[in-house]
Protein chains: 2
Amino acid sequence: MSPSRRGPRWSSSGGGADGEISPLTVNRLSLYLRALTHLREQGILRVSSKELARRYRFSAALIRKDLAQFGEFGIRGVGYEVVPLAERIAGLLGLERTHSIVICGVGNLGSALARYWGFNHGNFRVVAGVDTDPQKVGRRLGSFTVGHPRELKRLVRESGAEIGVLAVPESAAAENYAGLIAAGIRAVINFAPLRLESTADVRVKNVDLRINLEEVAFFLSH
Amino acid sequence: MSPSRRGPRWSSSGGGADGEISPLTVNRLSLYLRALTHLREQGILRVSSKELARRYRFSAALIRKDLAQFGEFGIRGVGYEVVPLAERIAGLLGLERTHSIVICGVGNLGSALARYWGFNHGNFRVVAGVDTDPQKVGRRLGSFTVGHPRELKRLVRESGAEIGVLAVPESAAAENYAGLIAAGIRAVINFAPLRLESTADVRVKNVDLRINLEEVAFFLSH
DNA sequence: AGATGTGAATGAGTTCACAGCT
DNA sequence: AGCTGTGAACTCATTCACATCT
């Protein structure tokens with residue numbers, strides 16, 4: 001049994017205080033993992049936080065704080081061993097196995113995501129998709145056939161999907177979200193332009209593409 | 001000349017301290033604008049920060065702080081006038097005119113974004129796209145013909161594009177980024193899985209779709 | 001010697017609470 | 001009476017600096 005199976009050793013100050021890891025930390029773990037993978041490909045087996053920071057523009061202190069939230073991975077006076085650390089971070093992120101995805105809405109964005117994620121990403125796989133448009137239901141997309149949202153429960157059960165993606169218009173988002181939850185999905189990435197809130201049971205990540213345009217538009221004129 | 005043409009009246013504490021508006025604030029302005037548009041459609045002409053917060057799950061104090069960074073928009077004892085405030089925020093975000101977008105990489109994601117943004121968004125328009133794949137160059141996409149990255153300078157000049165979108169594989173990102181900058185683009189939305197840094201001249205918004213999956217995967221197992 | 005792990009200090013962002021205006 | 005605009009308090013995140021270990 002791995003040492004952090006239940007309850008990582010949260011430091012009493014500085015890092016994540018009360019017991020919940022910050023999404024900012026989790027995102028950095030992903031970046032560290034990529035950097036370590038890159039180093040491994042170059043045959044580099046050990047790296048210090050300073051060196052990792054220098055090469056990939058991180059903060060050395062933050063690397064150490066982030067990692068220390070999950071245990072002691074480093075060797076004092078030496079640094080971190082690339083391969084074991086990469087494996088450990090991959091484990092923390094749940095990447096030791098494949099995660100299956102169901103997509104709601106297979107229009108422009110939904111079908112692009114299905115192809116993008118379906119092919120490129122070893123640890124994630126799009127295994128099902130639904131749409132209310134009768135023209136789309138029954139169509140083949142990658143390795144599955146597009147279903148109707150009313151079939152979500154069955155599709156999720158049969159495909160073992162864990163992550164739901166909302167790529168539907170705003171007007172259909174709430175309904176499809178409810179459908180995903182009813183089907184037992186506990187993690188949702190929402191591309192519809194409305195804020196869905198995470199709850200204790202369901203983790204929601206809002207990805208608002210329009211807002212990104214407006215953000216850069218703001219800075220263009222200021 | 002509008003009162004905040006040069007240098008909004010930054011409060012000496014609390015809000016944005018030194019002279020740069022936080023992206024968090026800018027993103028919330030977008031959300032406020034949507035909420036106000038929604039209210040306007042319902043014929044509501046005045047709203048208090050408290051009411052706006054209640055309806056759309058914002059923080060009333062933060063609405064006031066955010067807006068106060070740009071001037072005094074409210075009427076004490078009353079609230080805000082929906083239509084003028086919406087127009088003012090739209091002005092701040094630079095949405096009083098159309099912004100043109102050029103897309104680098106018209107594969108799955110790039111072409112989906114072209115269609116998604118090309119049709120749905122009044123204030124943004126995809127006016128050009130490039131790809132190194134000879135199969136894609138010359139193809140019609142929406143209202144333009146796909147070009148080659150070496151034509152970027154001309155395409156940007158002729159189309160008047162201001163915002164560049166990187167939807168190319170990681171290996172081609174740096175090169176295409178350089179091409180966009182050389183062509184005079186000053187705002188970039190980067191979908192490639194590597195961090196590009198904003199500079200004084202160029203605003204970069206990184207949108208890492210893979211990292212979102214890893215984030216929810218983390219919370220699935222914790 | 002040299003790097004980790006971590007308390008303390010700093011900085012950024014949000015909420016509180018209320019003076020001041022309508 | 002009621003709401004904005006805003007200093008002060010507070011919370012969250014990052015950086016500093018160093019005791020601790022190899």
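Protein chains get the first letters and strands the later ones, always in sequence-line order, with residue 1 at the start of each.
- No contact: B:T25 has no heavy atom under 4.0 Å from any strand.
- Close to D:dG2, at under 4.0 Å from its OP1 or OP2, lies no side-chain N or O of B:Y80.
- Using a 4.0 Å heavy-atom cutoff across all strands shown, B:R28 reaches sugar-phosphate atoms only and no base atom.
- Distances were taken from every side-chain heavy atom of A:S22 (C-beta onward) to each of C:dG13, D:dA13, D:dT4; the shortest belongs to D:dA13.
- Residues of residues 193-207 of chain A that place a heavy atom closer than 4.0 Å to DNA chain C do not occur.
- Residues passing the side-chain hydrogen bond (donor to acceptor under 3.5 Å, both in side chains) test with A:Y177, sequence neighbours excluded: none.
- Look at CG on B:D66: it is 13 Å from C1' on C:dT15, rounded to the nearest Å.
- Listed by chain and residue number, B:D201, B:V202 satisfy the side-chain contact (heavy atoms from CB on, under 4.5 Å) test with B:T199 (two or more places apart in sequence, or in another chain).
- Within the 4.0 angstrom heavy-atom criterion, only backbone atoms of the sugar-phosphate kind lie near A:L24; the bases stay farther away.
- Side-chain N or O atoms of B:N190 include one that pairs as donor or acceptor with a backbone N or O of B:L194 at under 3.5 Å.
- Screening residues 89-106 of chain B for side-chain hydrogen bond (donor to acceptor under 3.5 Å, both in side chains) gives B:R97-B:E162, B:H99-B:E162 as the qualifying pairs, with residues at least two apart or on separate chains.
- For A:R64, there are no salt bridge (Lys or Arg N to Asp or Glu O under 4.0 Å) partners, not counting sequence neighbours.
- Within residues 29-42 of chain A, no residue has any heavy atom closer than 4.0 Å to DNA chain D.
- Among pairs with a residue in residues 198-218 of chain A, those fulfilling ring pair (Phe, Tyr, Trp, His ring centres under 6.0 Å) read A:F218-A:H222, at least two apart in sequence or across chains.
- With sequence neighbours excluded, the residues forming a side-chain contact (heavy atoms from CB on, under 4.5 Å) with B:R57 are A:E197, listed by chain and number.
- Residue-level contact check: B:S49 touches the backbone only, with heavy atoms under 4.0 Å from sugar-phosphate atoms and none from bases.
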Can I get a per-line list of side-chain donor-acceptor pairs under 3.5 Å for residues 76-84 of chain A, giving both atom names and the distance, sequence neighbours left out?
none

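- A residue-by-residue look at A:V78 and B:V47 shows that B:V47 has its nearest nucleotide of DNA chain D further toward the 5' end.
- For B:R54, the side-chain contact (heavy atoms from CB on, under 4.5 Å) partners are B:E51, not counting sequence neighbours.
- Under the rule for a side-chain contact (heavy atoms from CB on, under 4.5 Å), the partners of B:R186 that lie at least two apart in sequence or sit in another chain are A:L220.
- Within the model, atoms CZ of B:R88 and CG of B:L33 stand 13.0 Å from one another, a figure rounded to the nearest 0.5 Å.
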Short N/O separations, protein against nucleotides 16-20 of chain D, under 3.5 angstrom:
| unit_1 | atom_1 | unit_2 | atom_2 | d |
| --- | --- | --- | --- | --- |
| D:dA17 | N6 | A:R64 | NH2 | 3.2 |
| D:dT20 | O2 | A:R76 | NH1 | 2.8 |

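- Here the C1' atom of nucleotide C:dT22 and the CD atom of B:E81 are 13 Å apart, to the nearest Å.
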